[in-house]
Number of protein chains: 2
Amino acid sequence: MSQRRNTPQRKTIEALLEQSTSPILPKDLHLQAQQTLPNLGIATVFRALKDLVAEGGVRVVEIPGDSPRYESIKRNHHHHFKCNKCEVVFCIEGCPGNLETMLNPGFELSNHDITLFGTCAGCS
Amino acid sequence: MSQRRNTPQRKTIEALLEQSTSPILPKDLHLQAQQTLPNLGIATVFRALKDLVAEGGVRVVEIPGDSPRYESIKRNHHHHFKCNKCEVVFCIEGCPGNLETMLNPGFELSNHDITLFGTCAGCS
DNA sequence: GTTGTTGCAAATCGTTTGCAATGAT
DNA sequence: ATCATTGCAAACGATTTGCAACAAC
């Protein structure tokens, strides 16, 4: 099988993901990583993200209307809020729970995704 | 300003959206509409969807991992469930509500999006 | 006849892939 | 010296756009 190699590219990408306080878009991750590695290609970013998601170190965050963002799995279960004005995405702790009750009999719940929209504290 | 014209293309697309019991992908809508209008172009489907969403007759449904689906606004507020096995998307009535309590002070909630994942009755 | 609408093809955006060169082990 | 990884460019799928022909009004 394939043993993973510890390249500067991957180290940089992983570090940026761990430092970020909100989920990042691949293109922003690419821009930020290029400050350290100017020749870094966007394909390498996507490959690293795919590997990290497969290994379970990173999770995909989908905000309706946007392309996928990525965040480190180090943060525990939470959801996201996107401000309609400044477009910033915030992580929000807490979860309504009890979602199984929404399902008809015979349906089994494995996971869920909640996105809230509105105006953030700074914009309102 | 632009007055909308009642073309066969738009009538067909609107009718299909109203008949559907679950949100549809543009490419499926295109395929279905082509049974009536064989020369219908995919661009016309996207243009009609954009207009319908702008007018408020149709709503966008985003299931994480998939491209956007569309559904008639005639169905009232509800959420969606995607089966991990058969990949079918179901509408589910009901809503946990009380989501404002998840937000920090200063944040205002305008709308929300919930997607549940798991196994549907037919697959489990 | 005016002008919104269409189909087509080309363009765009985000993402993936093939491949030869490179670098970690 | 292996063989995973890289950067680049080409390929891709979904969506958008320009434009000349067309059709609803």
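Here is the naming used below: chain letters follow the sequence lines, and residue numbers restart at 1 for every chain.
A straight line from CG of A/L49 to C1' of C/dT16 spans 13 Å, rounded to a whole angstrom. Atom C1' of nucleotide C/dG7 and atom CZ of B/R10 are separated by 14 Å, given to the nearest angstrom. Protein atom CG of B/D51 is 13 Å distant from nucleotide atom C1' of C/dT6, rounded to whole Å. Between A/N39 atom CG and C/dA21 atom P there is a gap of 18 Å when expressed in whole angstrom units. Across the protein-nucleic acid pair, A/L37 atom CG and C/dT22 atom C1' stand 15 Å apart, rounded to whole Å. Rounded to an integer number of Å, the gap from B/L40 CG to C/dT6 P is 8 Å. In this entry the distance linking NZ of B/K11 with C1' of D/dA23 reads 12 Å, nearest Å.
The stretch residues 60-70 of chain A participates, sequence neighbours left out, in these side-chain hydrogen bond (donor to acceptor under 3.5 Å, both in side chains) pairs: A/D66-A/R69, A/D66-A/K82. Here side-chain hydrogen bond (donor to acceptor under 3.5 Å, both in side chains) pairs that include residues 17-27 of chain B, with residues two or more places apart or in two chains, are B/E18-B/K74. Residue pairs satisfying the salt bridge (Lys or Arg N to Asp or Glu O under 4.0 Å) criterion with at least one member in residues 32-57 of chain A, sequence neighbours excluded, are listed as follows: A/R4-A/D51, A/R4-A/E55, A/R10-A/D51. Contacts classified as ring pair (Phe, Tyr, Trp, His ring centres under 6.0 Å) and involving residues 81-101 of chain A (residues at least two apart or in different chains) are given here: A/F81-B/F107, A/F90-B/F107. Screening residues 112-124 of chain B for side-chain hydrogen bond (donor to acceptor under 3.5 Å, both in side chains), with sequence neighbours left out, gives B/H77-B/H112, B/H79-B/H112.
Considering CG of A/L49 and CG of A/L17, their distance stands at 6.0 Å, rounded to 0.5 Å. In this structure, CD1 in B/I114 is found 4.5 Å from CD1 in A/I114, a value given to the nearest 0.5 Å. Here the OG1-CD distance, from B/T36 to B/Q9, works out to 11.0 Å after rounding to the nearest 0.5 Å. Between the SG atom in B/C91 and the CG atom in B/N76 there is a gap of 10.0 Å [rounded to 0.5 Å]. Separating the CG atom in B/L103 from the SG atom in A/C120 is a distance of 11.0 Å, to the nearest 0.5 Å.
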I'd like a table of donor-acceptor pairs (distance under 3.5 Å, sequence neighbours excluded) in which one partner is a side-chain atom from residues 93-100 of chain B, with atom names and distances.
none

Distances under 3.5 Å between nitrogen or oxygen atoms of protein and nucleotides 23-25 of chain C:
from	atom 1	to	atom 2	distance (Å)
C/dG23	N2	A/R5	NH1	2.3
C/dA24	N3	A/R5	NH1	3.2
C/dT25	OP1	A/N6	N	3.3

Are there any protein N/O atoms within less than 3.5 Å of an N/O atom in nucleotides 13-21 of chain D, and if so, which ones and at what distance?
from	atom 1	to	atom 2	distance (Å)
D/dG18	O6	B/R47	NH1	3.3

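Residues passing the ring-ring contact (aromatic ring centres under 6.0 Å, His included) test with B/F117, sequence neighbours excluded: none.
Contacts between residues 28-36 of chain B and DNA chain D, defined by a heavy-atom separation under 4.0 Å, are absent. Non-hydrogen atoms lying under 4.0 Å from DNA chain D are contributed by nothing in residues 80-90 of chain A.
For A/L37 against A/T12, the heavy-atom pair with the smallest separation is CD1-OG1, 3.5 Å. Heavy atoms only, all atoms of each residue included: B/I13 and B/V45 are closest at CD1-CA, 3.9 Å. Residue A/P23 comes nearest to A/E71 through the heavy atom pair CD-OE1, 3.9 Å, listed as atom of the first residue, atom of the second, then distance.
At distances below 3.5 Å, at least one donor-acceptor pair connects side-chain atoms of B/H30 with backbone N or O atoms of B/L40.
In this structure, the helix from C/dG1-D/dC25 to C/dT25-D/dA1 shows an angle of 30° between the axis at its start and the axis at its end, each fitted on 5 base pairs and rounded to 10°.
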